[in-house]
Amino acid sequence: MFAILIAVPAAAQTHEHTAATSGVPQGIPLFCATPSVISVASGAWSSPTTWSTGRAPAAGDRVRISARHDVVYDAASDARLDCIEVDGHLAFRTDRDTRLKVANLTVMDGGVFEVGTVDTPIARNATAEIIIADQKIDGDIDPAQVGTGIQGLGKVRMHGASRTPTFVRVAEEPLAGQTGLVLESAPEGWAPGDEIVIPDTRQLLDHTTIRPTQAERVRVASIAGNRVTLDSLLSYNHKGARTPDGALEFLPHVGNITRNVIIRSENPAGTRGHTLFTSRADVDMRYVAVREMGRTVMGPLDNTVFDQAGNVVKLGENQIGRYAIHFHHDFGPVSTPANGYQFTLIGNVVDDAPKWGITIHNSHYGLVRDNVVYNAAGAGIVTEDGNEAFNVFEHNFALRVKGSGEFAPRSGYAGPAPDPGGEGNSFWFRGPANYIRNNVAADADAVGFGLAAGALGTVRIPAFKGADPNVDTQAVMLDTTTAPVIEFANNEAYGAMLTGATWGWNGTVTNFRVWHPARQGMTATPTDRLVIDHIVVRGDIYIMGGDPKDRFGMGIWQSPSGIWLSNYAAKTVVINDADIQGLRTGIVSPFYPVRQLLEPGRGDGSLIIENGYFRNYVGVAIGTGYAAEGESPFAVKHATVKDAVFAPLDVPRNPMNAPAAISMNYGMSGGDVEKRDPIAVSGFNAKAGDDFSVYYSLEAPADVAPCHDTRSDVEGWVCK
């Protein structure tokens, strides 16, 4: 556990700050307001002629790089600097090892800081390291605790040697006792000595208690084509997903967490560093490892309190917003960079963050791609407030994300969950206005992709790239109640987590794959309309009591399901081409008796299940809504199952719940005695013309006979 150290002076003192910004109303302290060393010319860091003192900066110095000076950092020093203020241009040598230890590195508006660039990255045979010194936070100079880290207001470029692929799927199951991995493709950018991480892939029987992880961190010994030899034995099995017949279908990924540009805390148990990019910062970070950074911890926030005059009332002990990588009200440059994004994060690693790995907060039009977040707490990759818009989250890997526990104290964010953003989500997106595609979530305490954190209402988003949404003429209003998620496509979640995705918005989910969830592949309550177009969910049949040695079938008491629609009363849901196998229930839609008034011109809601293949203990279980008779003022919703195929799952029978293709399960209906709609079935098991309706038994028409003798896999009463 690490501590937050704050030095509180006996009497208040004045100190210079930058101008107030949208995200930092007190401004950023000028830690080098009284520098001891100032650049007087362009030149090498090590050259005495570069500096006002006639010597290179030394331990304890406060260093200012003056405007219009280009200083090249060429040292590998453990001398602990108090601060560096970059008003000019500070660039690391790219062809040799460099190391800098500093408590505060501030890149001012107009300043440029480079540790490699896209055109000239740090050479593969060199390492550039920035160590954030373990320095107490001065409660007088920095009561908002912005310091002890990197503060970016200007241009920041960091580019290490590429480690491609940053993560890759294996071609064979990694098993305990092995010293080798077979990958799906050759890892061209990897090298002996690299560290790789492998997620826990189990489907857990009991996910309500703290459990030891089976994620592993190992080192590469050698590489030959797509075969990687490790320097130690694997301790655990990392099995893939299988069909109910035992055929291997899906395999896990491994992530490379070695980079040759490193930002780390000097003492993770002391005052950790953090990064904060804000205002008009122009940031492009690629292939950088951010290790043991971030100071905000899980649990209740305790922020510094200021009065209306700006005086400190109380110093906080768990200040919000001090994360490993943090874009904080960063609107980017007025003129968009050449790659078309207001900020860029490609190929980076966050390794060990006490709360949130990569945090995008009121920042927009960014690119977050090919990053690996490992061993974070709360959530791996985050949009914080829900007004974040037009960011692209593409092909990232977030694994081994720890949660606060189901009943932990709240962290201070509104929402219906016990600790929104803190439950243990690989990805947590507070609002709908972003692109989310080709990402992989694995081994999270709670959820792979969290997109359900409570109502937001109307939020301000930028009207164009570089806009400041605080300015009326640069903002547009987005009603999140009706706005769909811009894109959610080709994402995957698996292993040692409760749920693959939680969804609370409108929109379309396309090509989503989930395997080994403990409770649900996906749970959703859209605000109005949701389309799930091709979802694949696989359960571990042994958890379902399918192990022939377990004839008592204890696993059957668990209730993993493919899709859980949290309330049938949600307006319109279409599930097309689902492929759900090896679970207790394929699709579950319980009914909660909340009567919703029809909106003019909207018509009825509906649940439509089209096509699809279901091989589960129960294929589809729906608690339908009120029938039309006598209910005209209230929403009527109709369930349809069309051209779907149902196959039996060979697991022990649960005496409390018979297996079925389609179940209405009156116990799911809330016990209401009013008349309920039947389920309309057409093309049952993809047979044209095999059409009927499924009723609750106590509501079946008088002229309908039970059909269990001819359709024993349909629970209920039917009529042609």
Side-chain angles (χ1 to χ4, degrees), residues 1-6 78 80-81 98-105 115 127-137 145-152 158 160 163 166 193-197 213 215-219 255-277 285 287-299 317-327 345 347-359 371-382 396-404 422 424 426 443 445:
M1 187 63 182
F2 60 89
I4 299 173
L5 305 175
I6 303 175
D78 288 318
R80 181 174 175 276
L81 303 175
T98 51
R99 186 171 62 257
L100 170 67
K101 184 185 291 186
V102 63
N104 283 291
L105 173 59
V115 187
T127 299
E129 189 173 25
I130 300 171
I131 304 167
I132 304 303
D134 181 15
Q135 179 168 298
K136 294 180 179 180
I137 297 170
Q145 304 174 45
V146 178
T148 308
I150 297 175
Q151 307 90 36
M158 297 187 188
R163 282 295 198 278
T166 56
D194 285 1
E195 280 192 297
I196 58 176
V197 289
T213 181
E216 297 196 60
R217 181 174 185 149
V218 292
R219 196 173 293 275
N256 187 312
I257 59 171
T258 293
R259 303 290 185 270
N260 69 334
V261 175
I262 301 163
I263 305 171
R264 67 175 178 88
S265 298
E266 178 185 19
N267 180 12
T271 305
R272 284 193 175 204
H274 72 108
T275 66
L276 182 77
F277 304 111
M285 287 177 59
Y287 303 102
V288 176
V290 179
R291 295 180 179 162
E292 297 174 324
M293 292 278 285
R295 199 162 57 239
T296 305
V297 301
M298 294 302 303
E317 295 185 5
N318 187 22
Q319 186 72 27
I320 192 174
R322 308 297 174 247
Y323 308 124
I325 297 178
H326 186 194
F327 286 81
L345 293 174
N348 304 291
V349 168
V350 174
D351 178 5
D352 185 5
K355 181 174 182 177
W356 298 356
I358 296 174
T359 306
N371 301 284
V372 178
V373 176
Y374 172 73
N375 197 28
I381 297 179
V382 169
N396 301 285
F397 186 29
L399 70 156
R400 184 70 296 266
V401 180
K402 301 179 292 293
S404 58
S426 292
D443 187 10
D445 275 0

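Reckoned from all heavy atoms, side chains included, excluding hydrogens, waters and symmetry mates.
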So, for Val146 and His274, which heavy atoms are closest and what is the spacing to 0.1 Å? O-NE2, 2.6 Å
Separation of Arg295 CZ from Thr148 OG1 (nearest 0.5 Å): 5.0 Å
Please tell me if the side chains of Val382 and Tyr323 come closer than 4.5 Å, counting only heavy atoms from C-beta onward. no
Would you say Asp445's side chain and Gly424's backbone share a donor-acceptor pair under 3.5 angstrom? no
Taking every non-hydrogen atom, the tightest pair across Arg163 and Thr258: CG-O, 3.2 Å
Looking at every non-hydrogen atom in both residues, tell me the closest pair between Val115 and Ile130 and how far apart they are. CG2-CD1, 4.1 Å
In Å, rounded to the nearest 0.5 Å, how long is the span from CZ of Phe397 to CG of Asn256? 11.5 Å
Indicate yes or no: at least one non-hydrogen side-chain atom of Met293 is less than 4.5 angstrom from one of Arg291. no
Inter-residue atom distance Arg322.CZ - Thr271.OG1, 0.5 Å rounding: 13.5 Å
Thr296 side chain vs Gln319 backbone, donor-acceptor pair below 3.5 Å: yes
Give, for atom NZ of Lys101 and atom CG of Asp78, the distance between the pair rounded to the nearest 0.5 Å. 5.0 Å
Using atom types as modelled and distance alone, determine if a side-chain donor or acceptor of Asn260 lies under 3.5 Å from a backbone N or O of Gly160. no
Can you check whether Arg217 reaches Ile257 side chain to side chain, under 4.5 Å on heavy atoms? yes
Gly273 and Ile132 have their tightest heavy-atom pair at CA-CG2, 3.6 Å
Any side-chain heavy atom of Val297 within less than 4.5 Å of one from Lys355? no
Using every non-hydrogen atom in the two residues, find where Ile325 and Thr275 come nearest and quote the distance to one decimal. CA-OG1, 3.2 Å
Flag the pair Arg272 and Glu292 as a salt bridge only when some basic side-chain nitrogen lies within less than 4.0 angstrom of an acidic carboxylate oxygen. no
Are side-chain heavy atoms of Phe277 and Met285 found at a separation under 4.5 Å? yes
Could you check whether Arg259 pairs with Asp194 (Lys NZ or Arg NE/NH1/NH2 to Asp/Glu carboxylate O, under 4.0 Å)? no
Could you state the interatomic distance from OG1 (Thr359) to CD1 (Ile381), rounded to the nearest 0.5 Å? 9.5 Å
4.5 Å side-chain heavy-atom contact, Leu399 and Val372: yes
For the CG atom of Leu100 and the CD1 atom of Ile263, what is their distance to the nearest 0.5 Å? 10.5 Å
Using a 3.5 Å distance criterion without hydrogens, assess whether the side chain of Asn348 forms a donor-acceptor pair with backbone atoms of Asn371. no
Run the numbers on Asp443 and Lys402 for side-chain contact (heavy atoms from CB on, under 4.5 Å), then give the verdict. CA-CA 9 Å; Asp443 187 10; Lys402 301 179 292 293; over 6 Å; no
Can you find a pair of side-chain heavy atoms, one from Ile358 and one from Val350, that are under 4.5 Å apart? yes
For Pro354 and Met298 the tightest heavy-atom approach is O-CG, 3.6 Å
